[in-house]
Amino acid sequence: MSLQVNLRQRVADALRTAGIDERFAAVAPAAAARFGDFQTNAAMVAAKALKKNPREVAASILTHLNVEDFCERPTVAGAGFINFKVLDTALSDAVNAVRNDRRLGVESVQKAKTILIDFSSPNVAKPMHVGHIRSTILGDSLSRIARHLGHRVITDNHIGDWGTQFGKVIYGWKHLLNRVALEQTPIDELVRLYREVNAMEENDPVLKETVRHELVKLQQGDAENLEIWKQAVSLSWKEFERLYGLLEITFDERLGESFYNDALGPLVDRLLAQGIARESEGAVCIFFPETPALEEKPCLIRKSDGGFLYATTDLATLEYREQRWHPDAVWYVTGAPQQLHFEQVFASARKLGITTDLLHIAFGSILGEDRKMMKTRSGENVELGGLLGEAIEQAMTVVTEKNPDLSAAEQHEVARVIGLGAVKYADLMQHRLTDYLFSWEKMLSFQGNTAPYLQNAYVRIRSIFRKAEAELSEGISYASSPISIAAPAERALALQILKFGEVLHAVLEDQRPNLLCLYLYELADSFHSFYEACPILKAEDRVRSSRLALAEVTAEVLKTGLSLLGIGVPERM
RNA sequence: GCAGCCAUAGCUCAAUUGGAUAGAGCAUCUGACUACGGAUCAGAAGGUUUGAGGUUCGACUCCUCAUGGCUGCACCA
């Protein structure tokens with residue numbers, strides 16, 4: 001049991017003895033070090049409910065509070081804050097416990113859920129661009145964290161392999177295809193076809209109709225068009241796989257929209273038969289008269305020309321997932337603009353009797369330097385592949401400059417870990433709902449609150465151990481010596497290490513990896529302060545052993561935490 | 001028109017969900033380099049949290065109104 005959980009329990013006990021509802025028991029790290037290590041605001045919250053004086057309630061709680069075995073005498077401050085300062089011995093014990101715990105103080109959830117996470121979802125024959133970054137990186141990180149906390153997670157890449165873009169691609173394939181280019185750079189060629197046809201039909205209604213007809217032929221099963229489609233999908237997958245491999249992202253399920261195609265017609269028929277959907281203006285819609293916000297926002301599931309829509313596919317997909325995985329929750333990691341769409345889909349799902357916890361994990365848009373949203377067809381989108389390459393390249397120049405002694409192979413690997421880490425961290429560190437201002441300069445800057453800063457903290461610790469192993473004579477082992485907390489910088493670092501047990505649960509509570517980023521940054525910061533203030537290798541035996549062990553736990557937490565963000569750590573950099 | 005999201009230091013962002021003197025990073029300034037890796041640390045300066053009311057012991061946070069911005073709203077995904 002962690003110190004914080006233990007304290008919460010003691011506060012609950014005190015509340016119960018004092019005749020106050022123990023649900024008010026909540027303990028948080030102290031707002032500032034001058035107040036102590038932990039605090040509870042229970043007295044003020046309870047006083048509010050009971051219409052009593054907060055300070056009197058605090059005093060009453062204090063008389064029933066029994067924490068002498070691991071805290072100094074608690075004090076009441078301000079409007080009714082109760083502050084705790086943990087004894088050095090108890091703090092030492094707690095950090096030692098984390099050090100000896102394979103899970104570093106992170107407890108698994110009480111009730112493991114099956115969570116299906118839908119993210120990334122690039123479109124075939126279109127480049128993966130910056131717009132896919134957030135979904136991909138955020139979804140991957142949430143998957144890792146949920147899994148780490150003991151949930152059963154299914155990652156599902158719902159590829160856009162059946163969209164209207166195929167009319168353009170097929171027309172282009174038949175009339176504009178450059179076979180050599182297709183061999184050498186297949187995705188670029190597919191994108192070129194898409195873009196050229198898209199531009200050509202802009203002012204040509206006749207061509208537009210021809211292109212649309214190619215799409216209809218594909219949908220009706222035309223052999224030639226189907227073959228072109230299959231090749232386009234296969235070529236796109238190769239490129240996706242390359243990028244996912246680079247990013248070290250994996251999927252358990254990778255069924256594209258086309259997989260659900262045959263289910264769409266029967267689904268709409270069934271919804272009509274059950275009276276859930278009805279015809280309106282030639283289209284088939286689901287209405288939500290009972291939901292005020294959706295009263296005038298029907299969900300279209302079949303067009304008047306018989307075609308199906310985004311919502312139809314999403315509903316069919318959900319039904320499939322229900323019977324295939326029986327999930328407790330389905331999370332959709334997509335942009336905030338799709339909020340209405342998901343409200344409609346979720347409301348429709350409820351009409352279908354689906355009670356699964358459905359969640360739209362929305363995130364803000366990626367903005368260009370003009371502060372306008374980056375649009376899919378602006379033609380100025382930064383492609384993901386190029387972006388990652390650029391990040392690695394820039395990391396490479398820094399690495400070769402800072403550490404020319406590394407072998408070429410190691411420089412490449414370090415540049416990859418740093419470059420990709422920088423891109424991922426720059427995205428994850430922000431609250432997911434705030435719009436993300438895309439900036440090469442910021443993303444690739446290795447100063448301040450960035451992945452390289454965190455990686456550097458880890459590398460330094462590894463460096464200390466390399467030096468220690470070289471200097472210490474054989475037989476001397478620090479591994480068996482306990483951590484003993486004394487100096488202020490040691491206290492601060494120890495307390496920060498202990499927070500790891502809480503932060504992951506907080507992240508999953510609101511699907512916010514930025515809380516983990518913030519935590520790791522503060523951990524690295526605490527370590528660097530400790531590193532400056534407390535000599536490790538130059539200290540006398542017992543202190544040296546303790547500090548080495550403290551550094552070791554720090555490294556483990558950094559490595560584990562970063563891995564949960566999908567970010568690696570090098571041994572040298 | 002209706003709805004959703006948002007407005008915090010010069011810039012980019014936080015704020016443990018209603019708690020203590022609103023915190024970081026860039027940029028600026030002052031210190032610390034024969035260094036356990038300076039990709040660092042210690043410190044300074046920078047704020048009427050868009051504006052006006054309200055709720056209470058206490059508001060960046062909740063409510064109302066206003067202003068400004070982004071996004072969505074019937075046959076794209």
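Please read these numbers as outputs of a predicted model, since none were measured by experiment. Naming: A, B, ... by sequence-line order, numbering from 1 per chain. Both backbone and side-chain heavy atoms feed into the values below; hydrogens, waters and symmetry mates do not.
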Quiz item: Are OP1 or OP2 of B:C26 and a side-chain N or O of A:Ser439 less than 4.0 angstrom apart?
Solution: no
Exercise. State the syn/anti category of B:U17 according to its glycosidic angle, syn meaning within 90° of 0.
Key: syn
Quiz prompt | A:Lys168, A:Glu214, A:Lys208 screened by side chain to side chain contact (heavy atoms under 4.5 Å, CB included) with A:Val197, the one that passes | solution = A:Lys168
Exercise. Figure out the CD/C1' separation between A:Gln430 and B:C26, and round it to whole Å.
Key: 13 Å
Exercise. With the side chain of A:Lys467 defined as its heavy atoms from C-beta on, choose the nearest nucleotide among B:A24, B:C36, B:A77.
Key: B:C36
Quiz prompt | No-H, no-angle donor-acceptor pair, A:Glu532 side chain to B:A32 base, under 3.5 Å | solution = no
Exercise. Run the ring-centre check on A:Tyr260 versus A:His158 and record whether the distance is less than 6.0 Å.
Key: yes
Quiz item: Which part of the nucleic acid, if any, lies within reach of A:Gln339 when heavy atoms closer than 4.0 Å are counted: base, sugar-phosphate only, or nothing?
Solution: sugar-phosphate
Quiz prompt | Length of the NE2-P vector between A:His431 and B:G25, whole Å | solution = 21 Å
Self-check item: Proximity to RNA chain B (any heavy atom under 4.0 Å), residues of residues 27-34 of chain A only
Solution: A:Pro29, A:Ala31, A:Arg34
Quiz item: Can you find a side chain N or O atom of A:Ser304 that sits less than 4.0 Å from OP1 or OP2 on B:A74?
Solution: no
Exercise. Kindly point out which of B:C73, B:C36, B:C41 is positioned nearest to the side chain of A:His528?
Key: B:C41
Self-check item: Under 4.0 angstrom between A:Tyr531 side-chain N/O and B:A42 OP1 or OP2
Solution: no
Exercise. Go through B:C76, B:U12, B:A74 for me and flag the one nearest to the A:Lys442 side chain.
Key: B:U12
Quiz item: Is A:Lys538 near enough to B:C36 that one of its side-chain N or O atoms lies under 4.0 angstrom from OP1 or OP2?
Solution: yes
Quiz item: Which part of the nucleic acid, if any, lies within reach of A:Glu257 when heavy atoms closer than 4.0 Å are counted: base, sugar-phosphate only, or nothing?
Solution: sugar-phosphate
Quiz item: So does A:Asp314 reach the base of B:A77 with its side chain, donor to acceptor, closer than 3.5 Å?
Solution: no
Quiz item: Which stems does RNA chain B form, counting runs of 3 or more consecutive Watson-Crick or G-U wobble pairs with both distances under 3.5 Å?
Solution: B:1-5 with B:69-73, B:10-13 with B:23-26, B:28-32 with B:40-44, B:50-54 with B:62-66
Exercise. Could you please name the option among B:A14, B:U71, B:U56 that lies closest to any side-chain atom of A:Lys48?
Key: B:U56
Quiz prompt | Options B:A39, B:A74, B:C76, nucleotide nearest the side-chain atoms of A:Val399 | solution = B:A39
Quiz item: Relative to the 5' end of RNA chain B, which residue comes earlier, A:Arg572 or A:Ala283, by the nucleotide with the nearest heavy atom?
Solution: A:Arg572
Quiz item: On RNA chain B, nearest-nucleotide positions of A:Ser529 versus A:Thr313: which is more 5'?
Solution: A:Ser529
Self-check item: Side chains of A:His528 and A:Tyr453, donor plus acceptor under 3.5 Å
Solution: yes
Exercise. Indicate whether OP1 or OP2 belonging to B:U16 is found under 4.0 Å from a side-chain N or O atom of A:Arg512.
Key: no
Quiz item: Hey, which of A:Leu7, A:Ile82, A:Val5, A:Leu3 is the one that makes side chain to side chain contact (heavy atoms under 4.5 Å, CB included) with A:Val27?
Solution: A:Leu7
